[in-house]
Amino acid sequence: MSEVVAYTRQGSIGVISVNYPPVNALSHAVRTGLVAALKQGQNDVEVDTLLLVCEGRTFIAGADIREFGKLPKDPSLPDVINAYEKSDKPIVAAIHGTALGGGLELALGCDYRVALKSAKLGFPEVKLGLIPGAGGTQRLPRLVGAYKALEMITSGDFISAEDALAQGIIDFIGDDDAIHITGLAYAQKLSKENSPVRRVRDINHKIEIDKESDVFDQFRAKLEKKSRGLFSPFKCVDAIEAAFTLSFTDGLKRERELFKECMESFQRDGLIHSFFAEREASKVKGLSKNTPIREIKRVGIIGAGTMGGGIAMNFANIGIPTTIVDVQQEALKHGIEVIRRNYDSSAKKGGLTVEQVEERMRLINTSLSYEALYDVDLVIEAVFENMAIKKEIFSKLDEVCKPGTILATNTSTLNIDEIASATQRPEDVVGMHFFSPANVMKLVENVRGTKTSDEVKATVMAVARKINKVGVMVGNCYGFVGNRMLHQRGTEAIALVNEGATPQQVDKVLTDFGFPMGQFAMSDLAGIDVGYRIRKERRNAGEMVPIGWLDKLAEQGRFGQKTQAGVYKYNAGSRVPFVDSEVEQLIEAFRKEQGIIPREITDQEILERCVYVMVNEGAKILEEGIADRSLDIDVVWIYGYGFPAYLGGPMFWAEQIGLNNILESVRGYSKTVGGKQWKPAQLLENLVAEGGKFKEL
Ligand code: T1G
């Protein structure tokens, strides 16, 4: 008998139930158990219909991803599914929670499918750099046709049970919230009606309809634009097209070939690392699972600017009343207008109904007075980067907010402990660093101060999950993890232009690498004035920060997209950057002024200096314990700075390149370029000497 798959009989129904927490993934044990239970059902003369159902919170959520890259063991998933499809007794798959990837493929190998209203179905393989590899690309099109199959499999997005019923993927939606009852009732109906087996592989009318369609090329063209650099979405199209050009058996073979190609691609490694890293990052080292979490029922935001408004939307989106406080009525009015504009554009795209927009707007209030925040459970300060102003705000919050209110700051660089020192309750002060646009970007870099309590740390991690963000807990230093590494990349990018490269050359190397945007296009989006003010703030604090050509742009009022001119120029209302000869002249003049003779710079040098410098800084961040694990750094960069997930993040990518190669170049640049950013991290030196890896730390 299998530990994880059981066979029982209920009247004329043989029940195969899977119980392998947390998500009934198709591990070797589950596959073996499924085959054994099917055999029992086949040989059980008392039953004429079989029911496949799962225990726990979900139906099968796919193959066991932890087994990827290991030696495959029989029975393979295609073997299991072919056995279920060959059954001469009809099988019903009863779906609750999620039926994903190999789990949905197994359900499509059954004859009938029922689900609970709340169930979700999908093929997320493409998000792991794969394609469905057990018949999904051949069976799904037979039920839904080419277009829907392409849409579901190339996006990897889940669909609702209602949509699945409308598409003919499932046969019935049970309104009982117990899947066993719904499943059994349907199986008994089939048994009573002597329903026949009904194999999806034999359903071909939709294949005939789309046989000559050019929808496959349409999807390839669409993917060229939106799946930048990704490998597997195109393999998905090839596999689905095979369902329309080959026999079922040959289509399965073609799917398997394409699946293997994806399994061998480095993108699969990177995306699977990103999958698990995102989940591991939510478990903060040293913070026990039982750490109490404070309930957040009301939220306050200080500052009605772009960040404040975006942050407020996240809480209104999940039904939490939010009050925005600002010093000027005009600022509050403008802030609310921007929020409404954002919601209206989501409604226009069909992402929200008008009622949902109004409901969210009702949850967002404004006030000119801090007193409005006396009973909130969490306050997030989001005013511009000035330590004196932030300390003043926190001392006021300390006065008005009830005991137990979490006082968070959205600062992207400043010292959390110094901000906390303006209060009598530093244990309740923490950083919650959102990324612009805050209602869209997934990352929240939660920053622990020296005195931040475990309860507050655990609560802000839970808040990040609740507002559908990816939270990472990091330590307190200048720029925390993300901006500290970005700062080094920015320093190198500017130096490369000083030495002879052009901004557009640097940006092209970074976008070719896979970043959605180059360094200088990003400065134009964020605002050249933001960096200019931070550098000025540091100079005022007595730091030696040389004046560069970016400062000269800012002094000319070239703040970037918001002034239609920054490093690039922009047409009104457009975000498309154009090279501006005025900037080229300004850079040439700056080099002359600095006595720099420009030189030819290769793309490889640009890549190494912009990305290796981040890895070296990442190693220093690990050394100092600002990040607990290299995966925390990877998650920060993937969800906050657009580092391609298929490369797994900067630290994972560095290991693919080879830490010895990185160190050799770092040592080289420490001689040729110099600066503390190129001082090799001791950790990097040690790991290379010992043959160690970041992920083993
Ligand atoms: N394999 C192994 N572990 C898995 C897993 C899987 N497929 N899915 C989830 N887990 C673990 C996860 O790491 C976490 O572990 C715990 O379960 C809870 O997950 C041939 C090749 C199902 C929607 O891509 O999308 O089938 O951290 O925190 O937010 O065609 O997990 O607790 O130790 O995410 O409620 C296709 C991936 C595989 C689905 C639940 N399937 N999973 O979300 O919980 S490829 C997927 C999810 C495939 C075939 C191909 C989500 C979820 P831990 P969680 P959640």
Side-chain angles (χ1 to χ4, degrees), residues 4 18 20-31 34 54 56-70 72-73 75-82 95-109 118-140 149 152-160 232 235-236 239-240 252 255-265 267-269 271-285 289 442 461-462 464-471 629 631 635 645:
V4 289
V18 181
Y20 179 53
V23 294
N24 293 311
L26 289 153
S27 66
H28 177 243
V30 170
R31 297 194 308 271
L34 282 167
C54 291
R57 63 186 173 131
T58 180
F59 187 75
I60 296 165
D64 190 335
I65 305 172
R66 294 184 195 283
E67 290 186 352
F68 289 167
K70 299 191 181 120
K73 290 189 199 154
S76 71
L77 185 53
D79 296 341
V80 175
I81 297 175
N82 291 341
I95 298 168
H96 74 296
T98 55
L100 305 176
L104 183 51
E105 287 174 305
L106 177 59
L108 295 182
S118 57
K120 296 269 186 265
L121 299 80
F123 284 110
E125 284 88 342
V126 74
K127 295 183 177 171
L128 298 172
L130 296 169
I131 70 169
T137 67
Q138 305 305 303
R139 291 190 177 90
L140 182 69
M152 280 182 70
I153 294 176
T154 59
S155 71
D157 296 338
F158 303 172
I159 66 169
S160 67
S232 68
K235 302 297 169 189
C236 290
I240 297 166
L252 278 182
E255 175 196 84
R256 204 69 198 163
E257 288 162 7
L258 292 161
F259 177 75
K260 287 209 171 98
E261 279 181 41
C262 293
M263 276 299 249
E264 278 135 28
S265 96
Q267 295 195 357
R268 187 263 298 178
D269 283 344
L271 287 163
I272 287 181
H273 168 74
S274 308
F275 174 86
F276 284 120
E278 179 192 335
R279 283 150 183 80
E280 282 308 301
S282 68
K283 301 163 197 159
V284 178
K285 217 168 165 189
K289 267 205 190 123
K442 286 282 279 180
M461 289 300 284
R465 261 194 310 280
K466 226 170 155 195
I467 58 175
N468 302 314
K469 301 285 187 192
V470 174
R629 302 153 296 189
L631 65 87
V635 171

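As the structure lists them, so they are numbered: ligands from 1, and atoms in each ligand from 1. For this chain, numbers begin at 1 and follow the sequence in order.
For atom 22 (C) of ligand 1, the closest non-hydrogen atom on the protein side is Ala61 CB, 3.6 Å. In terms of protein heavy atoms, atom 19 (O) of ligand 1 is closest to Arg57 NH2, 3.9 Å. Distance from atom 52 (C) of ligand 1 to its nearest protein heavy atom, with residue and atom name: Leu100 CD1, 4.5 Å. The protein heavy atom nearest to atom 7 (N) of ligand 1 is Ala63 O, 2.9 Å. Counting only heavy atoms of the protein, atom 47 (C) of ligand 1 lies nearest to Phe275 CE1, 4.0 Å. Among protein heavy atoms, atom 14 (C) of ligand 1 sits closest to Arg279 CD, 4.3 Å.
At a 3.5 angstrom cut-off on N or O pairs, Val23 does not count as close to ligand 1. Close N/O approach between Pro22 and ligand 1 is not found [any backbone or side-chain N/O within under 3.5 Å]. For ligand 1, none of its N or O atoms has an N or O atom of Pro124 under 3.5 Å away. Of the polar atoms of Phe68, none of the N or O atoms is found under 3.5 Å from an N or O of ligand 1, judged by distance alone.
Close approach to Arg66 involves these atoms of ligand 1, each under 4.0 Å from a residue heavy atom: 13 (O), 15 (O), 33 (O). Which parts of ligand 1 touch Asp64 is read off a 4.0 Å heavy-atom cut-off, strictly below it: atoms 1 (N), 2 (C). The distance from ligand 1 to the heavy atoms of Ala25 drops below 4.0 Å at these ligand atoms: 1 (N). Residue-ligand proximity, Phe259 to ligand 1, at heavy-atom distances under 4.0 Å covers atoms 21 (C). Atoms of ligand 1 found under 4.0 Å from any heavy atom of Pro132 (numbered from 1 in listed order, with element): 30 (O). Ligand 1 places these atoms under 4.0 Å from at least one heavy atom of Phe276: 13 (O). The distance from ligand 1 to the heavy atoms of Gly101 drops below 4.0 Å at these ligand atoms: 26 (O).
For Lys283, the salt bridge (Lys or Arg N to Asp or Glu O under 4.0 Å) partners are Glu280, not counting sequence neighbours.
Across all non-hydrogen atoms, the minimal contact from Thr58 to Gly97 is OG1-C, 3.8 Å. Of all heavy-atom pairs between Ile131 and Glu255, the closest is CD1-O, 3.6 Å. Closest heavy-atom contact between His28 and Glu67: N-OE2, 2.8 Å. Leu271 and Gly129 make their closest contact through CD1-N, 3.2 Å (heavy atoms, listed as atom of the first residue, atom of the second, distance). The heavy-atom pair separating Leu631 from His273 by the smallest distance is CB-CE1, 4.3 Å.
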Sequence neighbours excluded and cut-off under 3.5 Å, please list the side-chain donor-acceptor pairs for residues 100-107, or say none.
{"from": "Glu105", "atom 1": "OE2", "to": "Gly133", "atom 2": "N", "distance (Å)": "3.4"}
{"from": "Glu105", "atom 1": "OE2", "to": "Ala134", "atom 2": "N", "distance (Å)": "2.7"}
{"from": "Glu105", "atom 1": "OE2", "to": "Gly135", "atom 2": "N", "distance (Å)": "3.3"}
{"from": "Glu105", "atom 1": "OE2", "to": "Gly136", "atom 2": "N", "distance (Å)": "2.8"}

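The backbone N or O of Cys262 lies less than 3.5 Å from no partner atom in the side chain of Arg268, so there is not a single donor-acceptor pair.
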With side chain to side chain contact (heavy atoms under 4.5 Å, CB included) as the criterion, how do Asn24 and Phe59 come out once you've worked through the C-alpha distance, each side chain's angles and the decisive distance to 0.1 Å? CA-CA 7 Å; Asn24 293 311; Phe59 187 75; over 6 Å; no
Quick one, Arg57 with Val23, criterion side chain to side chain contact (heavy atoms under 4.5 Å, CB included). Give me CA distance, side-chain angles, the key distance, then yes/no. CA-CA 7 Å; Arg57 63 186 173 131; Val23 294; 3.9 Å; yes
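Counting protein heavy atoms under 4.0 angstrom from atom 42 (N) of ligand 1 gives one or more. Distance check on atom 4 (C) of ligand 1: some protein heavy atom falls below the 4.0 Å cut-off.
Note: Ile272 CD1 to Met263 CE = 6.5 Å, rounded to the nearest 0.5 Å. Atom CG of Leu108 sits about 5.0 Å away from atom CZ of Phe123, to the nearest 0.5 Å.
In this comparison of Leu77, Leu128, Thr58, the heavy atom closest to atom 38 (C) of ligand 1 sits on Leu128. If you check each of Glu280, Glu105, Glu125, Lys283 against atom 27 (O) of ligand 1, the one with the closest non-hydrogen atom is Lys283. Ranked by closest heavy atom to atom 6 (C) of ligand 1, the top entry among Ile81, Ile65, Leu26 is Ile65.
We find that Lys442 and Glu278 are not joined by a salt bridge, their nearest charged nitrogen and carboxylate oxygen being 4.0 Å or further apart.
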